[in-house]
Amino acid sequence: MKIVSLFSVVRGYNIPIIVLAQYLSAIFILAPEIRALDILLDFHLFLIVFASAITIASGYIINNFYDSQKDLINRPNKSMLDRLVSQKTKLNVYFSLNFLAVLMAFIVSWRAFLFFSAYIFMIWFYSHKIKKYPIVGNLMSALLAVTPFFAILLYFYNKISFEEIENHMSHFVVISAHAVFLFLLLLIREMIKDLENLKGDLVSDYRTIPVLYGEKISKQIITLLTLLTILPVYVLVNIYDVGYMDIYFYVCFGILLFFLIYLWKSDSKEQYLRLHNVLKFLIVSGVCCIVLINPSVLWHGRELISNY
């Protein structure tokens, strides 16, 4: 049960999604000219992806450490499971994972070492201080969630010369547009979580937007952020070629329209939880739909395996 508890604390069900998203971004967006198998067998890239995964896992641990009292109110069942592992054990695992992450990054390069050292510090700083403050806490949470994609971006850009960077600007714009779209979805999700956790935030003196300004203002901001998702999608669909992934974006807009209608009718924790789950579905399905950019990679990969 302690293993299950620790799995719950690090949210182990999220880690495979993050790993998958990084590899799919590398194969279909950042390095489409490189054979997919070569990317999968790139040892240094594996270290970057693994370092990202365990850094995020350690981030969940330190976040759980500081939020233990609030979670007793907001998530009593999950909190009781998480408490099967002592706070001391959580901290030991936290420091061990961070040490392993920076060690892996150092094997790749000193730039990767600095990147992950800064990333680990910012996650701790967010959990310890920033998350209690309105707006900046939400922004930083969403930014930290998309940071692993920029670790992959820096890895590939570090391998090309300065003169070649201009030829890869389209890759940079595409991954940035995807990151902005994901950032907005994550930011909306964070604000939905604030509405969902309003009672615990009040008791724990968290100065979130719903606590300070009320639910109506929160819903207005969420509506604005949802409308802003049109901008990165316009760049991806109308300016750059994202293959069949435009189908995902069109379906996503339909779901977000119903999301906004339901948002303004919601006033209970259960209703906000449903909205939270809708956003989770859009984020996870968006990761899986990256393959729609160029599905032929899958067919070629299957042919290659069958030939072996």
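In this chain, numbering begins with 1 at the start of the sequence shown.
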Asks: Return a table of donor-acceptor pairs under 3.5 angstrom between the side chains of residues 141-149 and protein atoms on other chains or two or more places apart.
Replies:
{"unit_1": "S141", "atom_1": "OG", "unit_2": "E190", "atom_2": "OE1", "d": "3.3"}
{"unit_1": "S141", "atom_1": "OG", "unit_2": "E190", "atom_2": "OE2", "d": "3.2"}
{"unit_1": "T147", "atom_1": "OG1", "unit_2": "L143", "atom_2": "O", "d": "2.8"}

Asks: So, do F28 and L292 sit near enough that their side-chain heavy atoms are less than 4.5 Å apart?
Replies: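 Counting from C-beta outward, F28 and L292 never come under 4.5 Å.
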Asks: Okay, side chain of S127, backbone of W124: is any donor-acceptor separation there less than 3.5 Å?
Replies: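 No; zero donor-acceptor contacts below 3.5 Å.
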Asks: Are the side chains of I209 and L195 in touch, meaning some heavy atoms are under 4.5 Å apart?
Replies: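 No; the side chains remain at least 4.5 Å from each other.
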Asks: Below 30° counts as parallel, above 60° as perpendicular, anything between as tilted: where do the rings of F125 and F121 land?
Replies: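 Judged by the thresholds at 30° and 60°, the geometry between F125 and F121 is parallel.
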Asks: Would you say the side chain of E196 lies within less than 4.5 Å of the side chain of R189, judging by non-hydrogen atoms?
Replies: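 Not touching, per the 4.5 Å side-chain cut-off.
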Asks: Report yes if some heavy atom in the side chain of H178 is under 4.5 Å from a heavy atom in the side chain of S25; otherwise report no.
Replies: no
Asks: Does CZ belonging to F150 count more than 12 external heavy atoms closer than 6.0 Å?
Replies: yes
Asks: Taking side chain as C-beta onward, heavy atoms only, is V108 less than 4.5 Å from F116?
Replies: no
Asks: Can you confirm whether or not the ring centre of F50 sits under 6.0 Å from the ring centre of F46?
Replies: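 So the answer is yes for these two rings.
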Asks: Give me the atom names and distance for the closest heavy-atom approach of G59 to I123.
Replies: CA-CG2, 3.4 Å
Asks: Under the side chain to side chain donor-acceptor pair (under 3.5 Å) rule, what do Q271 and S268 come out as? Steps first, then yes or no, please.
Replies: CA-CA 5 Å; Q271 290 173 314; S268 68; 3.2 Å; yes
Asks: When clusters are formed by joining ILVMFWY residues with side-chain heavy atoms under 4.5 Å apart, either directly or through shared neighbours, do I17 and I293 land in the same one?
Replies: yes
Asks: Listed by chain and number, what are the ring-ring contact (aromatic ring centres under 6.0 Å, His included) partners of H44, not counting sequence neighbours?
Replies: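 For H44, no residue satisfies ring-ring contact (aromatic ring centres under 6.0 Å, His included) once neighbours in sequence are set aside.
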Asks: Under a 4.5 Å cut-off applied to non-hydrogen side-chain atoms, are D42 and D38 in contact?
Replies: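 When only atoms from C-beta onward are counted, D38 and D42 do not touch, as no gap falls below 4.5 Å.
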Asks: Linking I/L/V/M/F/W/Y whenever their side-chain heavy atoms sit closer than 4.5 Å, directly or via other members, would Y94 and L103 fall into one cluster?
Replies: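 Each belongs to a different hydrophobic cluster.
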Asks: Measure the OH-CG distance between Y244 and D246 for me, rounded to the nearest 0.5 Å.
Replies: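 Those atoms lie 9.5 Å apart.
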Asks: Does the side chain of N63 come within less than 4.5 Å of K131's, by heavy atoms?
Replies: yes
Asks: For F253 and I230, work out which heavy atoms get closest and say how close.
Replies: CZ-CA, 3.7 Å
Asks: List the atom pairs, donor and acceptor, that lie under 3.5 Å between side-chain atoms in residues 254-266 and the rest of the protein, sequence neighbours left out.
Replies:
{"unit_1": "Y262", "atom_1": "OH", "unit_2": "R274", "atom_2": "NH1", "d": "2.8"}
{"unit_1": "W264", "atom_1": "NE1", "unit_2": "T223", "atom_2": "OG1", "d": "3.1"}
{"unit_1": "S266", "atom_1": "OG", "unit_2": "Y262", "atom_2": "O", "d": "2.6"}

Asks: Less than 4.5 Å apart, side chain to side chain, heavy atoms only: is that true for P232 and F183?
Replies: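 The answer is no, as the side chains (C-beta and beyond) never meet within the 4.5 Å cut-off.
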Asks: Linking I/L/V/M/F/W/Y whenever their side-chain heavy atoms sit closer than 4.5 Å, directly or via other members, would L273 and L275 fall into one cluster?
Replies: no
Asks: For the pair N197 (side chain) and K193 (backbone), establish whether a donor and an acceptor sit closer than 3.5 Å, ignoring hydrogens and angles.
Replies: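 Here the side-chain-to-backbone pair exists.
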Asks: Identify whether I247 and I290 are in the same connected component of the hydrophobic contact network (ILVMFWY, side-chain heavy atoms under 4.5 Å).
Replies: yes
Asks: Does the gap between the ring centers of F249 and F181 come in under 6.0 Å?
Replies: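 Ring centroids of F249 and F181 are less than 6.0 Å from each other.
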